[in-house]
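No experiment lies behind these values; they were computed from the predicted model shown. We use all heavy atoms of the structure for the numbers below, so side chains are in, but hydrogens, waters and symmetry mates are not.
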Amino acid sequence: MTIRPRVSSRVLIKPISFVHAALSTFGKREASFVKRISFTDSDVSRFTFHERRAAVLLVALAFAGFAACERTPDQTPEAKKTVVADRPGVLHLTSEELARTVIEVTPVARGQLLVPREFPATVQPNENELAEVTSLIRGRVVKVHVDVGQDVKKDTLLAMLHSTDLGLAEGAYLKSAAKLTEAELAYARARDLHEQKVVSLAELQRREAAMKTARAETREARNRLELLGIPRQEVERLDREQTIKADVPLRAPFDGRVIMRNITRGEVVEAQQKLFTVADLSDVWVVGNVPEKDVQFIRKDQKVDVIVSAYPHAIVPGTITYIGDVLDPATRTMRLRVTVLNPDRLLKPEMFATVRVYAVPTPDAMTVPLAAVQNGPTGKMVFVQRGTNDFEVRTVKVGSEQGEVVTVLEGVSAGEQVVTKGSFVLKSELERHKIEPTP
């Protein structure tokens, strides 16, 4: 009788039990799978040695497959998070992180830097080329010849008034002139008679005194007409024609533009009332206020730039023509006046403007864009690119801000590439990894 050697089932059961216990930790699905491939002692006894080896290999492969399927993204060999480079103070970005972050760099610039100072201002007419047209006598408006915005030449008729007071003044002048003529004739006749010993010396002197009085009265009446604004030509016409015209013409004092009209046909205007404003706007004043701390940068006849809010991209050159001698005690500012040529009349009175004054230039200054500077744990800092994926965190000492750039006194060298766009993202990663900036 052939005796078949008995193979103990423990040779296969133990490894299978171990695999079953290990896989059960991954969940019920894996445990149920092991239960489906588990064998009893009777089942094992029917397998050959090679079949048992194949079964063990199959279970091992199943274990490896489940382990690979259940691996989380965090367990992948390639970490997707930002990591710290080997060098201290250097931030390293993975390729995937760098692809998701927009990074722009700019070199540190070195050279002469003009430091601008800007002051608020408004556009005003040149007061040396500005005139308020008024009437020196009360009257009624007969006709208005010009309107606002109209260009006028010197002596252009602006409006015509009719004044009763002027008529009375002209009548008084004609009366005094007639009396003067009579007194002069009486004195001449008395002088002839005195030479003929017909009248006494006393009579001659009386006639002479009357003539001088009439002459003074005529001169007084004539001066009154001139004080009322009557031109010399009108007085000469009055002497020649001996007729009263109570018309008061209002004329432009110089070439310019009518920028204000306060007169209507038919109304009665009073003396000293402002009726028209005529201005020559070929050059204007830009009047600003300079804070006390910036007074040191202002000099007379200094060339400046004027930027008007209405034309933000246009820079108009000007010259400082006046600097205040005292400061406003309330605002602690000094008055500044800039004269600007305005041939195209683009600058309008009362426009808001900015006066930009350049201080003494700095001959050798290093500057970086303002966007590159971030607030760090020990002060200001920048990110200097050290490679495609490496960025060194550098502590810097900054100076004054000049528009979109800031001067750097310490911490970087000319030509180094600093991060501008994306620096805030790098700062966030820096704080997350607790990286200390390089001094």
Are more than 12 heavy atoms from other residues, nucleotides or ligands located less than 6.0 Å from atom CZ of R224? no

Taking the side chain as everything from C-beta on, heavy atoms only, tell me whether N262 gets closer than 4.5 Å to F276. no

Taking side-chain hydrogen bond (donor to acceptor under 3.5 Å, both in side chains) as the test, write out the residues that go with T319, two or more places apart. K303

Separation between CZ (F254) and CG (L130), nearest 0.5 Å, reads 6.5 Å

Go through it in stages, so that I can follow the logic: the residues are L91 and L426, the test is side chain to side chain contact (heavy atoms under 4.5 Å, CB included), and I'd like the CA-CA distance, side-chain angles, deciding distance and then a yes or no. CA-CA 8 Å; L91 190 67; L426 297 182; 4.1 Å; yes

Counting N and O atoms only, with roles assigned by atom type, does the side chain of T420 sit under 3.5 Å from a partner on the main chain of A371, one being a donor and the other an acceptor? no

R337 meets the salt bridge (charged side-chain N to carboxylate O under 4.0 Å, His left out) criterion, sequence neighbours left out, with none

Rounded to the nearest 0.5 Å, what separates atom CD1 in I244 from atom CD in E241? 12.5 Å

May I ask you to test the V108-S413 pair for a side-chain heavy-atom distance under 4.5 Å? no

Check ion pair R207-E203 (N to O, under 4.0 angstrom): yes

Y173 side chain to L238 main-chain N or O, any donor-acceptor pair under 3.5 Å? no

Does a salt bridge link R394 with E410, judged by any charged N lying under 4.0 Å from a carboxylate O? no

With sequence neighbours left out, what residues match D192 under side-chain hydrogen bond (donor to acceptor under 3.5 Å, both in side chains)? none

Can you tell me how far OG1 of T264 sits from CG of L275, rounded to the nearest 0.5 angstrom? 10.0 Å

Heavy-atom count around Y322 OH within 6.0 Å, excluding the residue itself: above 12? yes

Side-chain (R261) to main-chain (I263) donor-acceptor, under 3.5 angstrom: yes

Dump the intermediate steps for side chain to side chain contact (heavy atoms under 4.5 Å, CB included) on D280 and D255, then the final yes or no. CA-CA 7 Å; D280 182 4; D255 296 352; over 6 Å; no

As an exercise, state the distance from CG of L228 to CG of L136, rounded to the nearest 0.5 Å. 7.0 Å

Over all atoms of both residues, closest heavy-atom pair of A353 and V123: CB-CG2, 4.4 Å

In this structure, which one of T321, D283, T339 forms a side chain to side chain donor-acceptor pair (under 3.5 Å) with N126? D283

Output yes when a side-chain donor or acceptor of S163 lies under 3.5 Å from a complementary backbone atom of R138, and no otherwise. yes

Which atom names give the shortest non-hydrogen contact between R356 and V304, and what distance separates them? O-CB, 3.5 Å

Side-chain contact, heavy-atom cut-off 4.5 Å: M351 with Y311? yes

Tell me whether the count of non-hydrogen atoms from other residues, nucleotides or ligands lying under 6.0 Å of NZ in K427 goes above 12. yes

CA sep, side-chain torsions, deciding dist, call: V406, V368, side chain to side chain contact (heavy atoms under 4.5 Å, CB included): CA-CA 6 Å; V406 59; V368 297; 3.8 Å; yes

L204 and A190: which non-hydrogen atoms are nearest, and at how many Å? CD1-C, 3.7 Å

For R237 and T243: C-alpha separation, side-chain torsions, deciding distance, then whether side chain to side chain contact (heavy atoms under 4.5 Å, CB included) applies. CA-CA 8 Å; R237 184 208 62 80; T243 56; 3.1 Å; yes

Would you tell me whether H92 and D390 have side-chain atoms, one donor and one acceptor, within less than 3.5 Å of each other? yes

May I ask you to test the I298-I320 pair for a side-chain heavy-atom distance under 4.5 Å? yes

Tell me the closest heavy-atom pair linking A252 and V152, and the distance in Å. CB-CG2, 3.8 Å

Does the R345 side chain pair with the main chain of P343, one donor and one acceptor, at a distance under 3.5 Å? yes

Would you indicate whether the side-chain heavy atoms of K397 and K380 approach each other to under 4.5 Å? no

Tell me, do V418 and F383 make a side-chain contact under 4.5 Å, heavy atoms counted? no

By side-chain hydrogen bond (donor to acceptor under 3.5 Å, both in side chains) - contacts of K179 (at least two apart): none

In terms of side-chain heavy atoms, does S423 have a donor or acceptor partner in Q374 at a distance below 3.5 Å? yes

Identify the heavy atoms of I307 and P312 that sit nearest to each other, and give their distance. CG2-O, 3.9 Å

Can you measure from CG (L166) to CD (E234) and round to the nearest 0.5 angstrom? 7.5 Å

Which donor-acceptor pairs under 3.5 Å do side chains of residues 139-150 form with protein atoms, sequence neighbours excluded?
| residue | atom | partner | partner atom | Å |
| --- | --- | --- | --- | --- |
| Q150 | OE1 | D147 | N | 3.3 |

Sub-3.5 Å donor-acceptor pair from the side chain of K293 to the main-chain atoms of V290, do we have one? no

Could you tell me whether E220 atom CD has more than 12 heavy atoms of other residues or ligands within 6.0 Å of it? no

Is the shortest heavy-atom distance from the side chain of V269 to the side chain of E267 under 4.5 Å? yes

Could you give me the CA-CA distance, side-chain angles and deciding distance for K212 and E208, then say whether salt bridge (Lys or Arg N to Asp or Glu O under 4.0 Å) is met? CA-CA 6 Å; K212 291 181 179 179; E208 183 181 6; 3.6 Å; yes

Non-hydrogen side-chain atoms of E170 and L225 separated by less than 4.5 Å: yes

Mind checking the CE-CG spacing from M211 to L185? Nearest 0.5 Å is all I need. 11.0 Å

Qualifying residues under side-chain hydrogen bond (donor to acceptor under 3.5 Å, both in side chains), relative to T277, sequence neighbours excluded: E132

How about R335: does its CZ atom have over 12 heavy atoms from other parts shown lying under 6.0 Å from it? no

What one should report as the nearest heavy-atom pair of A121 and G288 is CB-CA, 3.5 Å

Check whether N223 reaches the backbone of L227 with its side chain - one donor and one acceptor, N or O, closer than 3.5 Å. no

Just by modelled atom types, is the L281 backbone N or O under 3.5 Å from a matching donor or acceptor in the N342 side chain? yes

Does a sphere of radius 6.0 Å around CZ in R265 hold more than 12 heavy atoms from other residues, nucleotides or ligands, not counting ones at 6.0 Å or beyond? no

